[in-house]
Number of protein chains: 2
Amino acid sequence: MLTGTNLQYANSYNNRIILETIRLYGPLSRVGIAGRTQLTAQTVTNITKKLMKAGLVVEHSRERSGPGAPSVMLKINEKAGYSVGIDLDKDHLTCILVNFNGKIRQTKNVDLHFPSPDEAIELMVSSVFQIIKEEGVDPDLIWGVGLGLPGPLSISEQDDATRIVNPEAFPGWEDVPIVRELETRLQMPVLLENNASAAAIGEHWYGAGKLIDSFFYIYFGAGLGGGIVVDGQLYSGFSSNAGELGYFPTATFMEPGLNYAFDHLGGFFDMPRLQKKLRAQGYQVHSLNDLGKLYEKDNEVLSDWMEAGSKSLVPLILGIEYLLDPEAIFFGGRLPDAMLHALLEKLQTQLPSHRITRKIGRPRFNIASAGLEAAAMGVASLPLYSSFAPQHKLLMRDHRYTGLGM
Amino acid sequence: MLTGTNLQYANSYNNRIILETIRLYGPLSRVGIAGRTQLTAQTVTNITKKLMKAGLVVEHSRERSGPGAPSVMLKINEKAGYSVGIDLDKDHLTCILVNFNGKIRQTKNVDLHFPSPDEAIELMVSSVFQIIKEEGVDPDLIWGVGLGLPGPLSISEQDDATRIVNPEAFPGWEDVPIVRELETRLQMPVLLENNASAAAIGEHWYGAGKLIDSFFYIYFGAGLGGGIVVDGQLYSGFSSNAGELGYFPTATFMEPGLNYAFDHLGGFFDMPRLQKKLRAQGYQVHSLNDLGKLYEKDNEVLSDWMEAGSKSLVPLILGIEYLLDPEAIFFGGRLPDAMLHALLEKLQTQLPSHRITRKIGRPRFNIASAGLEAAAMGVASLPLYSSFAPQHKLLMRDHRYTGLGM
DNA sequence: TGAATAAATCAATTTGATTGATTTATAGGT
DNA sequence: ACCTATAAATCAATCAAATTGATTTATTCA
């Protein structure tokens, strides 16, 4: 829909631009902000006055450099608000509390094994209350809770409750009104997102992706997921399945002669299945930690798995390069750091022989910054993100009210 | 870069939104525009007054429906301006003149065989002057010339002349300052774009893509190209290579046992090569027309080629579905209509067995509307597009001045 | 013929960014 | 110590664009 804009929307947008500029590049003086945003100093003064009044921004220091009045440096008020991120998958629950600047203040981690909805909800609720209590934060300052679940998700908004319609990873979870349930129990707004997309958003907000505007994020969870950030915004495609790598076929694309015995990437990158396989061979692997230790002992099953894994990723990477041509590809999620690095290295040696040599630009390959908490960080950013990130859509007139005039 | 906005930018944006709304859905009354754009009737009155004064919009008719004053319907002034589109490839030159509403007024078509820069430039210049003369249009009303070349293009802006640095399809064209040359000879602004992206833009502006906001366009030219429209804007990736299907590898992705003898899609979908092969087997095929006729005779070489072609496209289509999840995939370009339809049909029968059944949303497959002139239409839209399309970027402060306050 | 209705516009107001002048605080030269 | 140059930040006035409310115009229908 083509919708126009007006003064209020333009102002909202500028508010967000200034807040985001301070977050990314601060502490900054008002004149510094003006320079970066191409707004006038007066406009910056007006808007920062409002932001300071709302408690989102505070003075940091005075810096004198050469003649002229010293700059008053402004920064984000870390204590202006908090957000909770919950990363739930078939094998674990990670729950974190982050402040307005995206710093993790509390973490809670539980290993799970295909939890039922009741178990999971109970555990999530108690974990959230626990970390809030431990940090001693006023619950009114919690802006919301982000919930990350493994994709693909199909969300229906039937009878006013957001339900998960197609939770592949969670048999038994069909049609659970998870968002409403959590909102009632927690008395906080809950936002649902697929964990790979969430990790991408998190990387964009808090990681190296801060300075990269368009990237692809390959997320290793219990399964495999992907998130796409284009122009600083999450791109989720027409049916919200963009980057759903789990079903990316491997069989069709296999190198002749190889046989991975799985028809799609998600079947291969299946952590519970891998761990089960390792246990069947006598290795005591029950957690990520165990996996990391095993890897450091140069376990052969594991290194075979990684060899095959890197090969199975080649078509995906090439597809990303040729179709999307992003600035970077991030690799992150719940894989021991050493394994992530090794996988990336193997992949790098596989690729050249498959690439057309004449191709020009190529995305950088980066290890994501957030590590095990990537998805939780990502969903934790959702309540903040939905209130404060500059979004083109805000300039148009069909967006929802977000409070604070932003 | 995070840049703010102001009243002027917001106004420019609204100007464009209104013009675009009239173009897409017109003739429309002022109140009708207001309803669609969510702007107030007064704002629409103000802006349409300016647009009418500039000659871009004119009154169409008065429509009375029920009590109350009749609506004054507004429409695009087709004669407000014209644009030229040139589609140059190794095997042909198509040159068209379109009016402000995107209707083709004149066409000129020449079959070529790997033209030299001098030949091509000479031919382009004479063609442009010829079609303008034939239509009897005041040259001052020509807003510009769009030039489409087969990708991948690497464009360098060295010494103020846009040169083609990596014109794979045109040996001998390295470092020709094509844009400057044409601008000097024609005395009109020239805009360069890869022909597949151009076709996608054209489909978005004038075809069925008008109402589809995000789609992938597979363009059959002398080679194979792709264009991506996201959120109504051309998406070209970080290094301008998004959708460059020509180099999409086939070898790596082949079904075991099959061998197409080409390592990338562009090698397979190579029209000059196909025609040469057919001629080597005794068929007199020298043009698209000949190809179409041969196809209608159920030629076996050709139907084998199409069978293999549809198979080689499967990984690409799946890649598009899983990575991009667009609303639709358009198939278009310089392939006889019957062949395009047949190829699509073959493809549709190939796909189901390769898709994961549980996958939810799926893009629609559409034959593009523009046919043989797709790329020329697309590039012809560039001079209009760059002046009048609503672009989010316009709300920010780092765009170039485009005249008319829009 | 007149009441109801809807489109379009006029006039006045409001909002938010901009411009130009002013205040404040510093460095550096004499 | 004092003056000048300089830069940040703000004040006051202005400007641009959308909005609100009233008014004009043109139609239908009883």
Side-chain angles (χ1 to χ4, degrees), chain A residues 3-18 22 26-53 57-74 394-397 404-406, chain B residues 3-18 22 26-53 57-74 394-397 404-406:
Chain A
T3 48
T5 189
N6 67 6
L7 305 188
Q8 279 90 314
Y9 294 100
N11 179 243
S12 298
Y13 185 75
N14 285 345
N15 291 348
R16 289 182 180 222
I17 285 292
I18 287 180
I22 297 173
L28 270 177
S29 69
R30 290 172 175 82
V31 171
I33 297 169
R36 280 190 170 278
T37 56
Q38 313 232 51
L39 294 165
T40 59
Q42 184 57 52
T43 301
V44 174
T45 295
N46 296 339
I47 291 177
T48 51
K49 189 180 282 178
K50 278 198 292 181
L51 293 175
M52 291 175 75
K53 201 174 164 192
V57 165
V58 288
E59 285 193 5
H60 173 67
S61 64
R62 286 163 176 261
E63 307 248 318
R64 30 197 199 188
S65 60
S71 312
V72 179
M73 307 304 272
L74 302 177
L394 278 182
L395 287 158
M396 279 68 101
R397 316 194 80 170
L404 274 172
M406 304 184 64
Chain B
T3 47
T5 189
N6 68 5
L7 305 188
Q8 277 90 315
Y9 293 100
N11 180 242
S12 298
Y13 186 75
N14 284 347
N15 292 348
R16 290 181 178 222
I17 285 291
I18 287 181
I22 297 173
L28 270 178
S29 69
R30 290 174 175 81
V31 171
I33 297 169
R36 280 190 172 279
T37 56
Q38 312 233 53
L39 294 165
T40 59
Q42 184 58 52
T43 300
V44 174
T45 295
N46 297 339
I47 290 177
T48 52
K49 191 180 281 177
K50 278 197 293 181
L51 293 175
M52 291 175 75
K53 202 174 164 192
V57 165
V58 288
E59 285 194 5
H60 174 66
S61 63
R62 287 165 174 260
E63 306 248 317
R64 29 199 200 191
S65 61
S71 312
V72 179
M73 307 304 272
L74 303 177
L394 279 182
L395 287 159
M396 279 67 100
R397 313 193 83 171
L404 274 172
M406 303 183 61

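Values in this document were obtained by computation on a predicted structure and should not be read as measured data. All chains are named by letter (A, B, ...) in the order of the sequence lines, taking the proteins before the strands, and each is independently numbered beginning at 1.
A sub-4.0 Å separation between OP1 or OP2 of C:dT15 and a side-chain N or O of A:N11 is absent. Between A:K50 and C:dT15, a side-chain N or O to OP1/OP2 separation shorter than 4.0 Å is absent. Between B:T45 and C:dT9 there is a side-chain polar atom (N or O) within less than 4.0 angstrom of OP1 or OP2. Residue B:N14 places no side-chain N or O under 4.0 Å from the OP1 or OP2 atom of D:dA17. Dashed line: the shortest gap from a side-chain N or O of A:T43 to OP1 or OP2 of C:dT18 is under 4.0 Å. Put simply, B:T40 has no side-chain N or O that comes within less than 4.0 Å of OP1 or OP2 on D:dA18. Applying the 4.0 Å criterion to OP1 and OP2 of C:dT26, one finds that A:R62 has every side-chain N and O outside that range.
Among the nucleotides D:dA9, D:dA12, D:dA26, the one closest to the side chain of A:V72 is D:dA9.
Atom CE of A:M52 is separated from atom C1' of D:dT10 by 14 Å (rounded to the nearest Å). Rounded to an integer number of Å, the gap from B:Y13 OH to D:dA17 C1' is 17 Å. Between B:N46 atom CG and C:dA7 atom P the separation is 18 Å, expressed in whole Å. Taking atom NZ of B:K49 as the reference point, atom P of C:dA8 lies 13 Å away to the nearest angstrom. B:N15 places its CG atom 8 Å from the P atom of D:dA18, with the value rounded to the nearest Å. We find that CD of B:Q42 is positioned 15 Å from P of D:dT24, with the value rounded to whole Å. Atom CG of A:L39 and atom P of D:dA8 are 16 Å apart (whole Å). Spacing between atom CD of B:Q38 and atom P of D:dA18 amounts to 15 Å, rounded to whole angstrom units.
Judged by closest nucleotide on DNA chain D, A:P67 is the one of A:R30 and A:P67 placed further toward the 5' end. Of the two residues near DNA chain C, A:S65 and A:L7, the one whose nearest nucleotide lies more 5' is A:L7. Along DNA chain D, the nucleotide nearest to A:M73 and the one nearest to B:R64 differ in position, and the one closer to the 5' end is contacted by A:M73.
Between B:T3 and A:R36 the shortest heavy-atom distance is CG2-O, 4.2 Å. A pairwise comparison of heavy atoms in B:N15 and B:L51 identifies O-CD1, 4.2 Å as the closest pair.
Within the 4.0 angstrom heavy-atom criterion, only backbone atoms of the sugar-phosphate kind lie near A:S29; the bases stay farther away. Residue A:V44 is out of contact with every strand shown, counting any heavy-atom pair closer than 4.0 Å. Residue contacts for A:S71: at a heavy-atom cut-off of 4.0 Å it reaches the sugar-phosphate backbone alone, with no base atom in range.
With A:T43 as the fixed residue, the side-chain hydrogen bond (donor to acceptor under 3.5 Å, both in side chains) test singles out one of A:T45, A:T40, A:N46: A:T40.
At least one donor-acceptor pair closer than 3.5 Å links the side chain of B:T48 to the backbone N or O of B:V44.
Legend: residues meeting side chain to side chain contact (heavy atoms under 4.5 Å, CB included) with A:S71, ordered by chain and number and at least two apart, are A:S29, A:M73.
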The test is side-chain contact (heavy atoms from CB on, under 4.5 Å); show your working for B:N14 and A:T5 and say whether it passes.
CA-CA 6 Å; B:N14 284 347; A:T5 189; 3.6 Å; yes
